[in-house]
Undergrad: 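I have a structure here, written as structure tokens, and I will follow up with some questions on it.
For the numbers below, each heavy atom of this structure counts, side chains included, while hydrogens, waters and symmetry mates do not. Whatever order the structure lists them in is the order used to number ligands and atoms, beginning at 1. We number each residue from 1, following the sequence as shown.
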Amino acid sequence: MGSSREAIIDELVLANRILANENVLDAFGHVSLRDPDDPGAFFLSRSRSPGLVEARDIMRFDLEANVLDGDLKPYLETVIHAAIFKARSDVMSVVHHHDPAVLPFAVSPARLRPVFHLGAVAGAEVPVWDSQQEFGDTSLLVSDMAMANSLARAMGSGPAVLLKRHGACCAANSLKQAVFVAICMRDNARLLAEALALGEPSYLTPGEIRAAAAKHDGGAPVERAWEFWASRLEP
Ligand SMILES: [Zn+2]
């Protein structure tokens, strides 16, 4: 689709840079975008740290994680994106990360629930997927479609899932929303961990979660945050 594909890839590169700059992604982790012109395909960088990703690194895959365009080395965990896109026709973008702020909720009995309004975008309680249950002792990396499909099932229809002893995934109906969910969920995890150390936190009520999530589902607030995060990047 000529220039429109260029614009799409440029936006995905920007998402990589933003998530790295906000420290959700570091040496590892990745963000993908479903091909708007082909729901059976998605764009994702070659195996490279997200803060370094450029347009020429972006490859295209089908929903079994086979390479459609590009001849570079893909991420081992490309299958995560393939499985979530395959399971969820509503999802346009997926983020997988190991942000240390969310990890305590992937290694302890504490549940990740919203304690401030923006945390509502990650759902009422983030489910936890434990690869040990189906796959036993592994490297914890999601390395094949069987593991990735299991992870996608655990995620269900929600915006996020925690990977026990590993990290998290966020999914949304747009690239900007997926970035927004990833950053807000991380901020909520940080706040919740601090609050738990002080006593019983004050969680959002189910009605507050519904209202706050609806208020921050795309539109002006998400555009405003995206513009802010983009402005913080090195020129
Ligand atoms: Zn990972």
Undergrad: Can you tell me the angle formed at the Zn ion (ligand 1) by NE2 of His166 and NE2 of His98, to 10°?
TA: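 Vertex at the Zn ion (ligand 1): approximately 90°.
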Undergrad: When you measure from the Zn ion (ligand 1) to each N, O or S atom of Glu77, which atom gives the shortest distance?
TA: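 This turns out to be OE1.
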Undergrad: Would His96 count as a contact for the Zn ion (ligand 1), in the sense that one of its N, O or S atoms lies under 2.8 Å from it?
TA: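 Yes, since at least one N, O or S atom of His96 sits under 2.8 Å from the Zn ion (ligand 1).
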Undergrad: Could you tell me whether the side chain of Arg34 and the main chain of Val91 form a donor-acceptor pair under 3.5 Å?
TA: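 Yes.
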Undergrad: Would you call the rings of Trp229 and Phe180 parallel, tilted or perpendicular, where under 30° means parallel and over 60° means perpendicular?
TA: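 Taking Phe180 first and then Trp229, their aromatic rings sit tilted (interplane angle of 30° to 60°).
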Undergrad: Decide salt bridge (Lys or Arg N to Asp or Glu O under 4.0 Å) for Arg17 and Glu234; before the verdict, give the C-alpha distance in whole Å, the side-chain angles of both, and the deciding distance to 0.1 Å.
TA: CA-CA 10 Å; Arg17 298 295 183 96; Glu234 295 282 323; over 6 Å; no
Undergrad: Can you tell me how far apart NE2 (His30) and NE2 (His81) are? Round to the nearest 0.5 Å.
TA: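 Going from the NE2 atom of His30 to the NE2 atom of His81 covers 5.0 Å.
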